[in-house]
Amino acid sequence: MPEGHTIHRYARRHLETLGGQRLAVSSPQGRFADGAARLDGRRLEEVDAVGKHLFYRWEGDETLHVHLGLFGRFRTHRATVPEPSDGTRLAMVGDEATVYLSGPTACELIGPDEEVTIRERLGPDPLAAGVNGDGLAQVRHNLSRRRIPIGAALLNQSVVAGVGNVYRAEVLFLAGIHPATPANEVTPDEVRTIWELTRQQLRRGERAGRIVTVDPHEVGARSRRDLSRDERLYVYKRSGEPCRRCGMAIAAGEMANRTIWWCPSCQDGAN
DNA sequence: GCTGCATGATGAA
DNA sequence: TCATCCTGCAGCA
C-alpha cells in the first residue's frame with residue numbers, strides 16, 4: 001500500500017521503534033547479503049522520507065535506500081517474531097521490535113552522490129516538513145511545461161513526489177478536474193487546489209494509516225472512523241458504481257499505464 | 001494448485 | 001508504448 005503517506009509513516013515508526021539502537025541486520029533471502037553484513041551491529045541514527053523513498057542513516061555514514069515499488073512491504077513484530085518468509089530481503093532486529101522487508105524495488109547502500117541524484121529527480125513532496133508556497137510554485141512550473149494529461153502528470157514523481165494511483169484519482173475528483181485535461185491547461189487556481197488537496201489528503205492518510213478521502217457526512221456516517229471499507233473513496237476502483245455526489249456511473253480508463261477512475265459529471269472538461 | 005491482479009518505476013524501441 | 005523487475009494474496013478450480 002505504498003503511496004507517500006505510507007512511506008512517511010514508516011519513517012516515523014521505524015525511527016521510533018529502532019532508532020538509536022544497534023541492530024542485528026540480515027538478508028534472509030540473500031539478495032541483500034553484502035549490504036546487510038555491512039550494517040549489522042551498527043546504530044540506526046535517522047530515517048528520512050522523501051516522496052516514496054526512504055533513507056536510513058547508520059553510524060559510520062552508511063545510508064540505506066529503500067523504495068517499496070508496487071509490492072514492497074514492511075512488517076513489524078514485537079512480542080512474537082515469526083520466521084522470515086522466503087522473500088524477506090531485509091531483517092532489522094532491535095531491542096523490542098523486528099522489522100522485515102519484502103518485495104522492494106530498491107534496497108541498497110548508496111553514497112551521497114547517488115542520494116543527490118535521486119532527490120534531484122523528485123518534485124516537491126507535499127509531506128515534507130519545510131514545504132510552503134514554494135512547493136506550489138514548483139508544481140505550477142512543472143505542470144506548465146507538460147502537455148500530457150494531468151492524470152498522467154500527477155503520477156510522475158518529478159512533478160509531485162509521493163502521489164500514487166489512489167491519490168491521483170481521488171484528488172482530481174475532489175478538485176473537479178477531468179484527468180484528461182492537458183497539464184499545461186490546468187489553471188493556476190486549479191493547481192493551487194490540487195496542491196492543497198494533495199497535502200491535506202496525504203497528511204490525513206499518514207495520520208490514519210490508510211487512505212480515506214470521503215467526507216463522512218456525504219455517506220451518512222458520523223466520522224471517518226465509521227466509514228466501512230467500501231465507503232472510503234470517491235472513485236478509485238468504483239467503475240460503474242454511482243458517484244457519491246451526483247449518482248452518475250463512475251468511469252474508468254487507462255492513463256500512464258495504470259487504470260484511472262473519474263466521475264464524468266463532477267469532473268467535466270476535456271473529452 | 002493455478003491465475004491474475006496490485007497504492008511503482010525503468011529502460012528499450 | 002511495451003516489457004520487465006519486485007512479492008503476496010484473493011479468487012478460482
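Labels below follow one simple rule: chain letters A, B, ... track the order of the sequence lines, proteins then strands, and each chain is numbered from 1. Keep in mind that the numbers below use all heavy atoms, side chains included, and drop hydrogens, waters and symmetry copies. Quantities reported herein were computed from a predicted structural model and do not represent experimental measurements.
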Review point. Does A:Arg73 place a side-chain N or O at less than 4.0 Å from the phosphate oxygens OP1/OP2 of C:dC6?
Key: no
Heavy-atom contacts, protein to nucleotides 8-13 of chain B, under 4.0 Å, summarised as B (base), S (sugar-phosphate only) or - (none) per nt, yield BSS---
Review point. Looking at A:Glu96 and A:Arg78, does any basic side-chain N land under 4.0 Å from a carboxylate oxygen?
Key: no
Report yes if at least one side-chain N or O of A:Arg210 is closer than 4.0 Å to OP1 or OP2 of B:dT7; otherwise report no. no
note: A:Arg75, atom CZ; C:dC9, atom C1'; distance rounded to Å ~ 10 Å
Taking the P atom in each of C:dA13 and B:dC5, what is the distance between them to the nearest angstrom? 15 Å
Original post:
Going through the checks in order, is the side-chain hydrogen bond (donor to acceptor under 3.5 Å, both in side chains) test met by A:Tyr56 and A:His65?
Top reply: CA-CA 7 Å; A:Tyr56 294 77; A:His65 171 229; over 6 Å; no
(request) Give a yes or no on whether a salt bridge exists between A:Glu254 and A:Arg258, defined as a side-chain N under 4.0 angstrom from a carboxylate O. (result) no
A:Leu154 atom CG is separated from B:dT7 atom P, nearest whole Å, by 15 Å
Here the distance between atom P of B:dT7 and atom CD1 of A:Ile260, to the nearest Å, is 11 Å
**Asked** If only side-chain N and O atoms of A:Ser102 are considered, is one of them under 4.0 Å from the OP1 or OP2 phosphate oxygen of C:dG8?
**Response** yes
For a salt bridge (Lys or Arg N to Asp or Glu O under 4.0 Å) check, start with the C-alpha distance between A:Arg244 and A:Glu231, then their side-chain angles and the critical distance, and finish with the verdict. CA-CA 9 Å; A:Arg244 301 192 193 286; A:Glu231 292 175 324; over 6 Å; no
From CG of A:Leu101 across to P of C:dG8 the rounded distance in Å is 10 Å
Here the distance between atom P of C:dT7 and atom OH of A:Tyr100, to the nearest Å, is 16 Å
Decide yes or no on side-chain hydrogen bond (donor to acceptor under 3.5 Å, both in side chains) for A:His8 and A:Asp125, but give the supporting numbers first. CA-CA 11 Å; A:His8 283 257; A:Asp125 179 349; 2.8 Å; yes
Point to revise | Cationic N near anionic O, under 4.0 Å, A:Arg31 to A:Glu108 | key: no
DNA chain B in dot-bracket form (Watson-Crick or G-U pairs under 3.5 Å, [ ] crossing, | inter-strand) is ||||||.|||||.
Exercise for review: Using the P atom as the reference point in each nucleotide, state the distance between B:dA13 and C:dC5 in Å, no decimals.
Suggested key: 15 Å
- Which part of the nucleic acid, if any, lies within reach of A:Arg168 when heavy atoms closer than 4.0 Å are counted: base, sugar-phosphate only, or nothing? nothing
*Describe the nucleic acid contact of A:Gln29 in one word from base, sugar-phosphate, nothing, applying a heavy-atom distance below 4.0 Å.*
sugar-phosphate
Rounded to whole Å, the CZ-C1' distance (A:Phe74 to C:dT7) equals 14 Å
* Asked: Is it true that A:Lys52 and A:Glu3 make a salt bridge, defined as a side-chain N closer than 4.0 Å to a carboxylate O?
  -> no
Taking only the side-chain nitrogens and oxygens of A:Ser85, find out if one of them lies under 4.0 Å from OP1 or OP2 of C:dG8. yes
task = For the pair A:Phe55 and A:Ile110, evaluate side chain to side chain contact (heavy atoms under 4.5 Å, CB included) and give the outcome as yes or no after the intermediate values.
result = CA-CA 9 Å; A:Phe55 301 100; A:Ile110 59 170; 3.8 Å; yes
message = I'd like the C1' distance from C:dT1 over to B:dT7, given in whole Å.
response = 23 Å
Dump the intermediate steps for side-chain hydrogen bond (donor to acceptor under 3.5 Å, both in side chains) on A:Gln138 and A:Asp134, then the final yes or no. CA-CA 6 Å; A:Gln138 287 173 52; A:Asp134 201 41; 3.2 Å; yes
Is any side-chain heavy atom of A:Arg204 closer than 4.5 Å to one of A:Val212? no
